[in-house]
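Contents: one structure, followed by commentary.
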Amino acid sequence: MSVIKKLDQVIANKIAAGEVIEKIANVVKELVENSIDALATQIDITLIESGLTSITVTDNGVGMDKTDALLAFERHATSKIKNINDLFRINSLGFRGEALPSIAAISRVELTTSKDSEAIKVVFEDGKFISKSQASLNQGTKIEVTRLFYTTPARFKYLKSPQYELAMIVNLIHKFALAYPKISFKLTNNQKIQFVSLGNNNIKDILASIYSADVARKLIEFSGESRDYSIFGFTTNPIINRSNNHYVNIFVNKRNITDTRIINAIRECYEQLIPKNRYPIAVLYIECDPSIIDVNIHPRKQEIKFSEYQKLLDLIKTTVEPLVSSSYIYQTPKEDDIEQIKLEFHEPIREYKENKHPVINQEKSTIKPKNVIPDMEYIGQYLGTYLIFQNETGLYLLDQHAAAERIRYERYLRQMERRHSETQELLLPLELALPKEKAILLEEHLSELSDFGIKGIITNNQILIKQVPSWFYKGHELEFAEEIVETLISEKTLKKADIIDDLAKLLSCKHSLKANHYITKAEAANLVNDLRKCKRPYTCPHGRPIIVSITIGQIEHWFNRVL
Ligand code: ADP
Ligand code: MG
């Protein structure tokens with residue numbers, strides 16, 4: 001007896017919904033994409049309880065006639081592609097004809113739409129047609145989704161907190177606003193406005209409302225072209241950088257995608273200019289003929305496949321890199337930092353005063369008595385980066401940046417650990433700019449933040465910090481607070497010891513002597529002495545070597561002098 005049965009439409013749609021609709025933001029995304037495809041210039045998204053109670057998307061697009069309003073709920077019914085060739089030249093955001101039937105399969109959808117001054121309202125619930133009636137509406141479409149996931153308890157269970165779901169939606173609308181600066185978006189939740197864009201085609205304005213006015217002031221604009229691709233966008237001056245790559249927004253023919261190699265291509269333009277694991281805030285628009293990309297490789301179309309991918313990466317690098325490096329302003333350490341350097345590098349070495357080529361001897365140190373770095377004589381500096389030393393056993397090359405980093409890292413760590421449980425009230429609160437979606441996520445972590453010694457109030461787009469731990473380094477309070485806030489938001493486990501360690505690394509890297517910097521003999525000598533006081537003088541905090549040696553035996557071997 002045959003056992004295979006063709007699934008009916010309702011079940012098929014529920015299964016399809018499982019692929020497209022995992023969270024509330026997916027519904028919002030599909031509805032907004034439809035409004036964009038309908039050429040709307042004004043799109044309002046109204047949520048109740050982060051969309052769990054209701055999601056309403058209203059647009060002033062082309063609308064649908066009575067027949068289309070019903071057809072739209074049928075699976076694989078679309079106005080966007082007509083034949084197989086269209087699939088290779090996709091210009092619209094939707095094309096699979098799956099979204100509306102999928103959403104309707106797991107919720108109640110009331111669609112009111114108006115075209116050529118005729119309006120109709122149709123209602124579907126749990127994938128079944130309920131009713132159609134005459135309605136009144138201005139040109140455009142209004143879709144209200146309620147009872148989402150009511151009949152799919154498994155999905156319901158996977159939803160995170162309302163705050164988290166809202167944050168996802170705010171983030172989504174930010175991306176739409178960046179992709180479509182000519183469309184005006186308005187997002188409200190429980191009657192509270194979460195985001196508005198004017199639709200006046202001003203990308204800097206949108207970046208200012210997402211990230212802060214300060215970020216918008218420090219943007220570098222770029223544009224470039226190759227045979228297949230043209231790129232355009234904004235990226236921040238190296239002074240502004242963030243601890244994760246969420247701030248790099250990529251759009252291909254206006255579609256927001258995630259692509260770590262493209263993010264890394266942008267990140268590489270900042271090599272040496274910003275600490276490791278930090279990223280700029282950027283928006284990159286890639287335009288190309290739709291036939292050279294494939295948007296049909298991901299169920300939610302978040303990843304796409306490029307032809308001539310390497311050429312695209314090269315275009316990004318050659319366009320952005322020169323602008324970023326020429327914008328870089330070397331930041332001299334702050335006054336109190338200079339004081340610290342003097343303290344650490346203070347003792348002039350006796351030999352230096354007496355000889356032209358001083359022998360840098362091991363200093364007497366009360367903390368670490370082991371002879372870790374040998375006595376050696378300073379010869380000079382190579383490439384403004386490596387210090388050359390010699391002694392009777394061979395030659396030594398010392399990476400001056402790595403050494404300075406190690407010295408500072410251990411010093412910062414000591415100072416921070418010493419004061420780990422004290423806090424201090426700030427006379428003037430610090431203003432930490434936070435994109436709305438992050439502010440929403442942070443609300444859930446306020447008590448952890450206060451356990452950490454940070455007290456603040458979240459206001460629109462920022463947190464006003466009134467108290468910080470005493471181990472926060474003077475002049476770096478904002479940076480430290482940002483690092484902790486980002487860690488909390490990303491739901492990583494937050495151990496005080498780890499965070500102190502990370503921050504010490506960050507600071508040391510930022511303020512240490514950079515490569516390509518000429519230093520005097522006295523400074524070289526002081527560097528070695530300070531290095532000797534370190535617990536681990538052989539590697540920088542990121543694990544790169546500080547000192548390498550070439551033995552006399554090796555050198556004699558190269559010149560065939562070995563007997
Ligand atoms: P797709 O977007 O892949 O075509 P959907 O299921 O999302 O599939 O939508 C089906 C069809 O319904 C669309 O092709 C479009 O013709 C119509 N439609 C959906 N939403 C709107 C809207 N807001 N305005 C006008 N037409 C719409
Ligand atoms: Mg669609």
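We count ligands from 1, going down the list as the structure has it; atoms in each ligand are counted the same way. FYI, side chains are in, hydrogens and waters are out, and symmetry mates aren't considered; it's all heavy atoms of this structure.
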### Message
Donor-acceptor check, side chain of S35 to backbone of D59, threshold 3.5 angstrom: yes or no?
### Response
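Side chain of S35 to backbone of D59, a donor-acceptor pair under 3.5 Å: no, none is there.
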
### Query
Judged by atom type as modelled, is there a donor-acceptor pair below 3.5 Å linking the side chain of S212 to the main-chain atoms of A208?
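No: the side chain of S212 does not pair with the backbone of A208.
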
Check the side chains of [Y] and [X] for a donor-acceptor pair under 3.5 angstrom, ignoring hydrogens and angles.
X    : Y    : result
N34  : E30  : no
Y270 : T235 : yes
T41  : N60  : yes
T141 : T113 : yes

### Query
Is it the side chain (CB and beyond), the backbone, both or neither of T141 that lies under 4.0 Å from ligand 1, heavy atoms counted?
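Under 4.0 Å from ligand 1, T141 contributes side-chain atoms alone.
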
### Query
Does E30 approach ligand 1 within less than 4.0 angstrom via side chain, backbone, both or neither, non-hydrogen atoms only?
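Neither; no heavy atom under 4.0 Å.
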
### Query
Does Q134 reach the side chain of I120, with side-chain heavy atoms less than 4.5 Å apart?
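Not in contact.
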
### Query
Atoms of ligand 1 less than 4.0 Å from A38 heavy atoms?
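Near A38, the atoms of ligand 1 are 24 (N), 25 (C).
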
### Query
By number and element, which atoms of ligand 1 are closer than 4.0 Å to a non-hydrogen atom of A72?
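Contacts of ligand 1 toward A72, numbered from 1: 10 (C), 12 (O).
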
Can you find a non-hydrogen atom of [X] under 4.0 Å from ligand 1?
X    : result
P101 : yes
M64  : yes
D59  : yes

### Message
Please check whether D37 reaches ligand 1 - meaning an N/O of the residue sits under 3.5 Å from an N/O of the ligand, judged on distance alone.
### Response
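Looking only at distances, the answer is no, because the N/O contact criterion of under 3.5 Å is not met.
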
### Query
Just distances here: any N/O of V62 and N/O of ligand 1 closer than 3.5 Å?
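No, there is no polar N/O contact under 3.5 Å.
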
